[in-house]
There are 2 protein chains.
Amino acid sequence: MNVHSLVLTKLKLRSQLSQAACVAIETAPFVFRDIPAGAQIVRDGGPPAAQCSIVLDGVAIRSKTTRSGGRQIAAIEIRGDFLDLAHLFLDIADHDVEALTPLRVAAIERDILRDLALEHRDFGRALWTEALVEASIAREWMTNLGRRDARTRVAHVLCELAVRSQAVGLAAPDTLLLPWTQEQLGDVTGLTPVHVNRMLRSLEDDGLIARRGRQVQIVDRAGLRAAGEFEPRYLHLVEIAQPGAAAA
Amino acid sequence: MNVHSLVLTKLKLRSQLSQAACVAIETAPFVFRDIPAGAQIVRDGGPPAAQCSIVLDGVAIRSKTTRSGGRQIAAIEIRGDFLDLAHLFLDIADHDVEALTPLRVAAIERDILRDLALEHRDFGRALWTEALVEASIAREWMTNLGRRDARTRVAHVLCELAVRSQAVGLAAPDTLLLPWTQEQLGDVTGLTPVHVNRMLRSLEDDGLIARRGRQVQIVDRAGLRAAGEFEPRYLHLVEIAQPGAAAA
DNA sequence: CGTACCCTTGAAAAAAATCAACTTAAGTGG
DNA sequence: CCACTTAAGTTGATTTTTTTCAAGGGTACG
């Protein structure tokens with residue numbers, strides 16, 4: 001599929017775009033790029049990425065490492081999310097960006113994206129929206145990390161991943177393939193891998209999820225959401241598939 | 001002092017502005033507004049603020065409340081910070097914004113600020129920078145909440161507040177007036193007020209800080225930074241006053 | 001000078017981390 | 001195809017950290 005129409009599809013998920021903005025995007029030099037799993041795209045303290053990308057397939061993470069060696073994952077980027085929008089107008093990176101799985105992205109030069117953002121109202125608005133939604137997710141994660149116990153945290157993350165994956169057509173409703181290890185899940189939730197394991201088991205024992213390897217099936221959606229105090233409003237999805245309603 | 005020149009001063013702290021952008025700002029309808037302590041400016045789930053403001057004096061917080069009643073403060077806004085930039089392009093608020101102390105702000109209609117952001121390159125860049133820096137702080141806070149122990153967390157927050165206050169001329173170097181209770185400090189660090197109290201005492205016992213009421217004096221800056229694993233780079237301050245160097 | 005509201009401190013309980021095996025699963029080379 | 005190797009998952013026992021509970025003590029302000 002054409003790289004430009006993929007980009008347009010992503011942006012239209014959340015924002016309306018004028019004819020002019022569509023033309024601008026279609027003539028902009030987006031190119032496909034493949035990034036191998038494990039690649040470090042941005043390094044904390046180094047320069048921002050020369051190219052800014054939209055994830056088409058795969059999973060990337062933003063993370064920070066403390067002096068004492070702990071790692072905190074600060075964002076998960078899946079299909080439709082931007083890599084390194086966070087540094088678009090900053091000179092020095094304040095965190096790492098890493099490909100967790102092989103990544104396929106639509107890449108564009110950073111300078112060109114900046115120009116687009118500042119010159120085209122609709123495109124600018126679309127980019128702003130993306131950035132503000134990511135900030136909203138960050139606030140929810142702070143709440144998760146600071147004020148919820150381990151079991152609630154894990155359940156919350158599972159709910160978020162399920163909803164986001166489903167919203168971009170990555171997974172069947174309530175099915176979830178975790179591309180990461182329990183250690184990485186611990187880096188998301190601020191827990192040790194051992195404790196993540198126990199919490200997953202607890203959720204499974206209570207009949208909220210079922211697991212086979214890293215495949216997680218949400219058995220009791222309402223129950224898991226209650227266990228995770230999950231309210232999807234913070235994701236600012238324009239069209240959340242209603243339970244029972246077929247997607248348009 | 002003139003409200004427009006105050007706004008210009010704030011924006012120039014981080015971004016260069018062209019002549020045209022300055023003129024645009026000076027002709028924009030910024031007005032002074034006073035907001036009493038405790039006022040709720042934005043309510044989670046409600047509409048964004050009709051006016052967007054830059055804090056001139058006082059302290060405001062963004063926070064979320066969990067279903068089980070815990071509160072997490074997700075951002076602290078002091079002089080020069082924007083109130084409700086977070087919702088500039090979103091339709092429903094995803095968190096509360098509240099005046100912690102009496103607030104004096106430069107307010108402007110949300111729609112007008114959006115137009116300014118989209119029409120004037122330099123102003124747009126300045127606003128983007130503010131938003132991205134706030135997102136960077138959020139990532140550091142996630143790391144603090146998820147991966148640092150209680151004492152380190154408290155020390156880190158103290159360091160951040162000291163640096164940010166000093167950067168906008170709010171406090172003498174290494175002096176800090178906490179306008180909040182230990183309970184509120186707990187809502188920042190994800191700790192109980194009792195434990196915040198113990199951690200403050202621990203930092204004091206180790207000679208890193210001194211307290212008299214809510215006035216905190218940083219006695220050993222390097223020591224406190226080490227205790228808090230504090231590295232100010234994530235604040236993206238263009239001009240951090242160097243120790244010993246007088247501000248220009 | 002009383003009355004809130006916060007701060008402080010101790011003791012006990014709960015949550016999560018750590019330590020230490022052991023099991024399973026996946027991948028590799030014979 | 002199987003044995004071997006390695007990484008990840010699982011489980012129990014123990015220790016540490018943090019919360020909870022409870023009782024004073026200070027301080028500001030009417």
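Lettering follows sequence order; numbering is per chain, from 1.
Summarising the geometry, the separation between CZ on R214(B) and P on dC5(C) is reported as 13 Å, rounded to the nearest angstrom. Taking atom CZ of residue R211(A) and atom C1' of nucleotide dT24(C), one finds them 13 Å apart after rounding to whole Å. One can place NE2 of H195(A) at 4 Å from P of dA16(C), the figure rounded to the nearest angstrom. Residue Q215(A) contributes atom CD, which lies 14 Å from atom P of dG9(D) at whole-angstrom precision. Atom CZ of R198(A) and atom P of dG12(D) are 9 Å apart (whole Å). The distance between atom CZ of R201(B) and atom C1' of dG25(D), rounded to the nearest whole Å, is 13 Å. In this structure, CG of L200(B) is placed 15 Å from C1' of dT18(D), rounded to the nearest angstrom. Summarising the geometry, the separation between CG on L191(A) and P on dT17(D) is reported as 17 Å, rounded to the nearest angstrom.
Dashed line: the shortest gap from a side-chain N or O of N197(A) to OP1 or OP2 of dG9(D) is not under 4.0 Å. Contact annotation: Q182(A) side-chain N/O to dT10(D) OP1/OP2 distance is under 4.0 Å. Contact check, R212(B) against dT27(D): no side-chain N or O comes under 4.0 Å of OP1 or OP2.
The pair R198(B)-D205(B) does not meet the salt-bridge criterion, since no charged nitrogen lies less than 4.0 angstrom from a carboxylate oxygen.
Note that R139(B) lies outside the cation-pi zone of Y234(B), set by a 6.0 Å cut-off to the ring centre and a 45° limit from the axis.
Residue T181(A) is the one, among T181(A) and G146(A), whose nearest nucleotide of DNA chain D lies closer to the 5' end (criterion: closest heavy atom). Checking R147(A) against P193(A), the closest nucleotide of DNA chain D that is more toward the 5' end is the one next to P193(A).
Of the candidates T152(A), N144(A), T143(A), E229(A) forms a side chain to side chain contact (heavy atoms under 4.5 Å, CB included) with just one, namely T152(A).
Between the side chains of Q51(A) and R110(A), no donor-acceptor pair of N or O atoms lies under 3.5 Å.
Backbone-only engagement by G190(B) is indicated by non-hydrogen atom pairs under 4.0 Å involving sugar-phosphate atoms exclusively.
Ring geometry for H156(B) versus F230(B): interplanar angle over 60°, hence perpendicular rather than tilted (30 to 60°).
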